[in-house]
Amino acid sequence: MATSTILLPGEVVPTDQLPKLKKGTLTLGPGLRHIPPSTILSTTAGALHVDHKKSALWLEHSNGRYQPAGGDLVIAQVHHGGAESYSCSLTPYTPFASLGQLAFEGANKKTRPQLKAGDLVYARVSKASKWDDTEIECFNSGTGKAEGMGPLKGGMLFQVSPLFARRLMMGTDKDGTSKGGVVVLEEVGEKVKFEVAVGRNGRVWVDSGSVRETLAVGKLLVQADEQGLNVEAQRKAVKKVLKDV
Amino acid sequence: MGPDISHHPLAGADGSATISSNLYSVLAAVNGPIEVQRRDELPEEAAIEVNIRPASGVGGPRERWLESVVTAVLRSVLLVHMHPRTLIQVTLQLTTGPTLKLKNATRDISVLPSLVNAAFLALVDGGLPLQSTVTAVLLAVSGEEVISIDPAEKELAGCKSVHALAYTQHGDLLLNESAGNFNLEVWEEVADRAEKACVAAVALASEDDEMANGTAEAAPWLRRELEEKARDAVAWRDHT
């Protein structure tokens, strides 16, 4: 994608860039807005990306504050508990998201996780609207299964940019290459055993046997994000750090 | 051509930028949308708070006035209805200023374009929803009624009037502050020159060739800067 279209705020998306519509609806992602009847304007500066299969288009943008959207996996920090729900923070200085006391796998009135202020949970955004408070849950409300979500015990939390968090969550292709261009976790995982959870709100939680290893993994991720390391540079950085661990 | 710009110099803020023109350097930081104090809350749109800090000392009435002017410009650029009941906080720190002693009114006007441009770049970096791309310019009219864009300090010290104007890429006027002695004809010519300079700053690259034989300020510096930044953000896609 060397020749992707770059748009500035307030520019019209060229009609020849739009996905060819056979049927169904066009999905607009972040950075774009629709003005009826058929004008699509950009609201920020970024590279235009088009997914023809899903007939979706969006602008790629690296920085900025995380905006909750339904279905996102996030790492939330409990601020205080109430009778019905916990108030959790997703990003600093924003209104708290509410996490139901019973929104955990197998929780009922008698047995439910007791969370203190400062505890971390891996959760999914169940409701996000600009008019209402955000709600999160630690289980799939359809099946009642945790699906990997729940309280995060021990470990450490690291801050990365929202775009880097998204890249980390892209997963790998069938042949094992990372879609997001991040190989830090795979490379370190060959030598060191650790657990990791990535939240779309730019938070990465890492836990391993020792503080030294946890810090090494977290710092490598932060370094790869801040310095924009490519795959080769990431491998080199990992090798250097692994020597000391 | 155009000022020196660096993107995202501050890691803690949601968006930040520095801009240094020949007169002023400004460091801008944007946080938002964040929780708003109850008394500032607006039910249908985001509140905008601008804090301006001078290079030395603490702010006074002069900074309060500049804040009110910058807030008005940002309000018409931001899509405030996309984040109701929130706050968008903009902090502008002046880092250097002119060394010559300028008239108070001239000084007030001359800093405005730098403030508006810095705030806009920080808003773009923070990914806040914007209506349009805005550019601000400073113009000075000398005693012989010669208009100069982005004047040097000496021109500013000896000029008859100064004008700060901001236009969107479609040529809509968003900021118009002037000081000094001038008549309507002069202002109209100033506005015309300013609009051309602002639109040229974000002109498409294909139009660049036509302007190659134009003046130096016709270079699309803002577009180049933003495009470069956007390319850097997606560079990882090429690595894979």
Side-chain angles (χ1 to χ4, degrees), chain A residues 1-11 30-33 41-49 59-67 89 91-96 129-132 159 161-164 167 170 173 177-183 222 224-226 228-234, chain B residues 7-8 11-16 30-36 43-44 46 77-79 81-89 120-134 168-170 172 202 204-205 222-223 225-240:
Chain A
M1 282 229 208
T3 54
S4 53
T5 317
I6 309 262
L7 290 174
L8 262 48
E11 285 189 334
L32 297 170
R33 68 184 176 129
L41 287 177
S42 60
T43 63
T44 187
L48 183 71
H49 287 277
L59 280 187
E60 193 92 61
H61 194 274
S62 59
N63 300 316
R65 185 165 286 258
Y66 166 72
Q67 294 298 326
S89 91
T91 51
Y93 305 111
T94 43
F96 297 122
S129 136
K130 64 179 175 181
W131 302 110
D132 230 334
Q159 298 277 344
S161 72
L163 176 67
F164 191 77
R167 286 169 60 187
M170 279 181 182
D173 282 337
T177 50
S178 166
K179 276 189 218 166
V182 189
V183 294
V222 173
D225 175 32
E226 278 173 2
L229 301 182
N230 59 21
V231 175
E232 273 313 300
Q234 285 173 26
Chain B
H7 297 284
H8 209 66
D14 290 331
S16 55
V30 165
N31 278 302
I34 57 175
E35 192 162 22
V36 62
E44 304 238 344
V77 179
L78 279 159
L79 292 163
H81 60 271
M82 302 240 310
H83 297 296
R85 296 172 296 106
T86 59
L87 173 71
I88 295 167
Q89 195 177 43
F120 174 76
L121 283 163
L123 288 174
V124 172
D125 185 49
L128 286 146
L130 299 161
Q131 195 145 232
S132 50
T133 308
V134 68
T168 66
Q169 80 261 53
H170 309 299
D172 300 326
V202 289
L204 274 169
L222 186 61
R223 172 175 293 274
E225 202 61 54
L226 292 176
E227 285 192 348
E228 201 176 302
K229 176 179 147 57
R231 280 213 186 87
D232 286 347
V234 293
W236 57 273
R237 277 188 191 271
D238 300 330
H239 295 319
T240 53

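Here is how names work: the chains are called A, B, and so on, in the same order as the sequence lines, proteins then strands, and each is numbered from 1.
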Completion exercise
Of all heavy-atom pairs linking A:W131 and B:P43, the shortest is CZ3-O, 3.9 Å

Practice task
Measure from the side-chain N and O atoms of B:E35 to the backbone N and O of A:F96, and report whether any donor-acceptor pair falls under 3.5 Å.
Solution key: no

Handout entry: Heavy-atom contact with chain A under 4.5 Å, split by part of B:L130
Key = both

Fill in the blank from the handout: Okay, B:L128 and chain A: the region with an atom under 4.5 Å from a heavy atom over there is backbone

Problem - Minimum side-chain heavy-atom gap B:I34-A:R65 below 4.5 Å - result: yes

Practice task
Specify which of A:R167, A:E232, A:R33, A:E60 makes the most heavy-atom pairs with chain B at under 4.5 Å.
Solution key: A:R167

Practice task
Can you tell which part of B:H170 gets under 4.5 Å to a heavy atom of chain A, answering side chain, backbone, both or neither?
Solution key: side chain

Exercise for the section: Rounded to the nearest 0.5 Å, what's the gap from NE2 on B:H7 to CG on A:N63? Could you check? Expected result: 10.5 Å

Handout entry: B:Q131, part contacting chain A, at a heavy-atom distance under 4.5 Å
Key = both

Handout entry: Greatest number of heavy atom pairs closer than 4.5 Å to chain A - which of B:A11, B:A13, B:P33
Key = B:P33

Problem - Under 4.5 Å from any heavy atom of chain B - which part of A:Q67 - result: side chain

Exercise for the section: Drop me the distance from A:E11's CD to B:T133's OG1, to the nearest 0.5 angstrom. Expected result: 6.0 Å

Practice task
Give, for atom CD1 of A:I6 and atom CD of B:E228, the distance between the pair rounded to the nearest 0.5 Å.
Solution key: 10.5 Å

Problem - Region of A:T91 that comes under 4.5 Å of a non-hydrogen atom in chain B - result: neither

Exercise for the section: Could you pull out the closest heavy-atom pair between B:V124 and A:A45, with the gap in Å? Expected result: CG1-CB, 3.6 Å

Problem - Smallest separation among heavy atoms of A:D132 and B:R85, with atom names - result: N-NH2, 3.8 Å

Completion exercise
Here the pair of heavy atoms bringing B:A230 nearest to A:G46 is CB-CA, 3.8 Å

Exercise for the section: List the atom of A:A47, the atom of B:V234, and the distance in Å for their closest heavy-atom pair. Expected result: CB-CG1, 3.8 Å

Problem - Top contributor to chain B contacts, counting heavy-atom pairs under 4.5 Å, from A:H61, A:E226, A:Q159 - result: A:H61

Handout entry: Option in B:D125, B:L226, B:V30 with maximal non-hydrogen atom pairs under 4.5 Å from chain A
Key = B:D125

Fill in the blank from the handout: Interatomic distance, OG1@A:T94 vs CG@B:N31, rounded to 0.5 Å, equals 11.0 Å

Practice task
Pick one of side chain, backbone, both or neither for A:L41, based on which atoms fall under 4.5 Å of a heavy atom in chain B.
Solution key: neither

Handout entry: Minimal non-hydrogen separation, A:P9 against B:F120, with atom names
Key = CG-CZ, 4.2 Å

